[in-house]
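The next block holds one structure in the form of structure tokens; read it before the comments.
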Amino acid sequence: MRLLFFSALTTSAAQASGLATSGWDAAYSKAQAALQKLSQAEKAGIATGVTWEGGPCVGNTYAPSSIDYPSLCLQDSPLGIRFANPVTAFPAGINAGATWDRSLLYSRGVAMGAEAKGLGVHVQLGPVSGPLGKNPDGGRNWEGFSVDPYLSGVAMEETIRGMQDSGVQACAKHWIGNEQEVNRDTISSEMADRQTHELYVWPFMNAVRADVASVMCSYNKVNGTWACESEAILNELLKNELGFRGYVVSDWNAQHTGVNSALAGLDMTMPGSDFNTPRGSIFWGSNLVEAVANGSVPQSRLDDMVTRILAAWYLVNQDQGYPEVSFSSWNGGKASVDVTADHASVARAVARDSIVLLKNEAQTLPLRQPKSLAIIGQDAIVNPAGPNACTDRGCDNGTLAMGWGSGTAEFPYLVAPVDAIQAQADKTGTQIITSTTDDAAAGAEAAAAAETAIVFINSDSGEGYITVENNPGDRNNLDPWHNGNSLVQSVASSNKNVIVVIHSVGPIILETILAQPSVKAIIWAGLPGQESGNALADILYGSTSPSGKIPYTIAKQRSDYGAGWIYAQTDSFTEGLFVDYRHFDKNGIDPRYEFGHGLSYTEFAYSGLSINVLATSGPTIGSIISGGPVELFESVGTVSVHIVNNGSVEGAEVAQLYIGLPESAPLSPPKQLRGFEKVFLQAAGSGTATFELTRRDLSYWDVTLQKWVVPSGTFRVYVGASSRDIRLQGTFSVAS
Ligand SMILES: *[C@@H]1O[C@H](CO)[C@@H](O)[C@H](O)[C@H]1NC(C)=O
Ligand SMILES: *[C@@H]1O[C@H](CO)[C@@H](O)[C@H](O)[C@H]1NC(C)=O
Ligand SMILES: *[C@@H]1O[C@H](CO)[C@@H](O)[C@H](O)[C@H]1NC(C)=O
Ligand SMILES: *[C@@H]1O[C@H](CO)[C@@H](O)[C@H](O)[C@H]1NC(C)=O
């Protein structure tokens, strides 16, 4: 018995690399010294964009002449560098989340940050934990990692540390309550206080704790006030309560007033001037200088904006020989340097380890040298017009490997599933029969001629400025696109051995497909990026056991979720704390595939639950550090469990810890994810998963005290392979 690999406790890969967390103090000293040399106009210029298409990047600021500081280049996206090539088209956030692998999350961040820096991008606009994904049909959920705030928070932290260790400034977005595309520019998100903290703020606490350089305020209103001019969410929540020392940048055109936004805590406006009425009006720039001169914005506020922006630049050492911008977003994006290095291997590893094996009857997978294999569906091939044929990936033609909108990048290439499978089939002498349209009759015909049939289906979504097949960014329904259910039904009627592969932005309803007895296996491959086919073949042929776990719940029907996007100007977030599995648990609804579910080609046995937690009840009282009150991040002990790989192949298990709060924390979800560990084990190997708990993990937000509070009483501990496959349970108590 040998332990292949085991990442120690919850210490991040990044923390182990030794990033100093006290970097802000030194950065502020440098920024304050530089500030003294700047004129008022230069200060305003550092906080103001030069207009849309006014520079090579999607956002550019004015360069001062008094100090050695550039026109800052801000560029999309959370999965790679938009409007530039060649770059690596990484798997989307939702796939990164589905790996539950801290070290891969970190590596993906490192690789993305290296590409950004290589191209001269100072600020990469990601990662995303807003939307969090409370609406299963929300258009941009896939840009983020998971609907669970804990998983999303860990992913934010690892990604940001990775990006910033490579030298680029990360930008955590969108702050806050930006949960749908329809009416996003006008809707008011009215989240209750506890809900705001425990769900939507939580992942941003991790981001701030990871010293994120910037945070982007969102398009929507919060309680009737624009997010980018809300004192409550900028100055109070983000800067005071979370101790955020970087700068707040507006989403593009999300600024609505000059003076109010400055007073509320906005620090940088993007893209500077444009779509406002009248076109070309500028809220800041010279108007900000005037607003300080006439006393409506204090000098200290302008100085604070600039100090924060400069400090973020110093924090990640961009003062030390940072590359020039080497592409232009507006002329095809051809870069004068190739920054892709060996990042395809990280992209492939994330794509592979995010694949979730939802169902695998009679050990249909991995494939064992079938004589013939039918590959069916348009989603198995690359769009014949090319993987980048549609601007910002705004169509669902060919295999789906990215959603649409600003959160995209150009594919340098896209490995089609059919091509990667063909390459394997060539080795094993398998005959491949294809039907690469979504025509049901043609699919059935191809399937009838083969031993096994693999059907590819998908479901797309994206940002609301593009409508695809009548979906306005948000999805109209949770069914597979292009009559995917009919395609599968038809194939299943002519072949007894059907495998379904899903490329999707989020959950799809699988009941029609599961009703076909011929459907033996179902794989969710998400939005895998450029290495799509290669990653899939690694799993189909068993060179790697699947180890992804679904980062959201798959329901039996759309209405089981409770929440969903709405055609309204106010979203009252009436679901409260009960999103995704919290909702299913509370209401006793059986999901089809629960949050955290994912099969392997081996099996894991859990034993020896050990609980060593010692905490005191009560609210936080200490000082604020980056992320929130200092005690929140202090360890209160560990829970650990022994795991045995009792199958015949190596594999990785994501062991999950859920905590149920005592009744003295009223109206809390039955259980909430508060730890996970991905343990890699050889066949017959064993290891220990140890979950380190912090005070935050035991706390709820007390709206009366306005503090995080550890309740007294009996805490329930659940450890298992998913949110419903609980293998071991225990309790610990906290005295009052
Ligand atoms: C928004 O309003 C709700 C309901 O009054 C309140 O609980 C919440 O704290 C408010 N949010 C902010 C950020 O002020
Ligand atoms: C001060 O200047 C700003 C920017 O031009 C303007 O919006 C604001 O109305 C002015 N306030 C006063 C009191 O003059
Ligand atoms: C996408 O597919 C549709 C429907 O087949 C077709 O009309 C359109 O031209 C295709 N667009 C691209 C860019 O491939
Ligand atoms: C391996 O462990 C799983 C989970 O406890 C169990 O269901 C299965 O029967 C075990 N298999 C063997 C071969 O022991």
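Residue numbers count from 1 along this sequence. Remember, it's 1-based here, ligands and their atoms both numbered in the order they're listed. Side chains included, hydrogens not; waters and symmetry mates left out as well; all remaining heavy atoms used.
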Within-shell test, C395 vs ligand 3, heavy atom, strictly < 4.0 Å:
no
Side chain, backbone, both or neither: the part of [X] lying under 4.0 Å from ligand 1 by heavy atom:
X: N223; value: side chain
X: E190; value: neither
X: T196; value: neither

Between [X] and [Y], does any side-chain donor sit less than 3.5 Å from a side-chain acceptor?
X: N135; Y: R475; value: no
X: D148; Y: S146; value: no
X: N458; Y: H503; value: no
X: E410; Y: N85; value: no
X: E631; Y: T620; value: no

Applying a strict 4.0 Å limit to heavy atoms, is R194 in contact with ligand 1?
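For ligand 1, residue contact (heavy atoms, under 4.0 Å) with R194 is absent.
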Distance under 6.0 Å and angle within 45° of ring axis: K239 vs F244
no
Should the pair R209 and F633 be classed as cation-pi, given the thresholds of under 6.0 Å to the six-membered ring centre and 45° from the axis?
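Relative to the ring axis of F633, which defines the angle, R209 lies inside both limits.
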In this structure, are over 12 heavy atoms from other groups packed under 6.0 Å from N235 atom CG?
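Correct, the count exceeds 12.
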Heavy atoms from other residues, nucleotides or ligands near CD of E663 exceed 12 (cutoff 6.0 Å):
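Not buried by this count: 12 neighbours or fewer within 6.0 Å.
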Atoms of ligand 1, numbered as shown, that sit under 4.0 Å from any heavy atom of A192
7 (O)
What are the atoms of ligand 1, with element, lying closer than 4.0 Å to any heavy atom of I233?
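The atoms of ligand 1 under 4.0 Å from a heavy atom of I233 are 13 (C).
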Check the pair W226, Y219 against ring pair (Phe, Tyr, Trp, His ring centres under 6.0 Å), reporting the backbone distance first and the verdict last.
CA-CA 7 Å; W226 298 108; Y219 286 116; 9.4 Å; no
Enumerate the atoms of ligand 3 whose separation from the nearest heavy atom of [X] is less than 4.0 angstrom.
X: N383; result: 12 (C), 14 (O)
X: C390; result: 13 (C)
X: A385; result: 14 (O)
X: A389; result: 13 (C)

Quick one: does any side-chain atom of E179 pair with a main-chain N or O of G133 as donor and acceptor, under 3.5 Å?
yes
Could you give the N/O to N/O pairs under 3.5 Å linking ligand 2 and the protein, each with its distance?
unit_1   : atom_1 : unit_2 : atom_2 : d
ligand 2 : 2 (O)  : N294   : ND2    : 2.4
ligand 2 : 5 (O)  : E290   : OE2    : 3.1
ligand 2 : 11 (N) : N294   : ND2    : 2.9
ligand 2 : 14 (O) : N294   : ND2    : 3.1

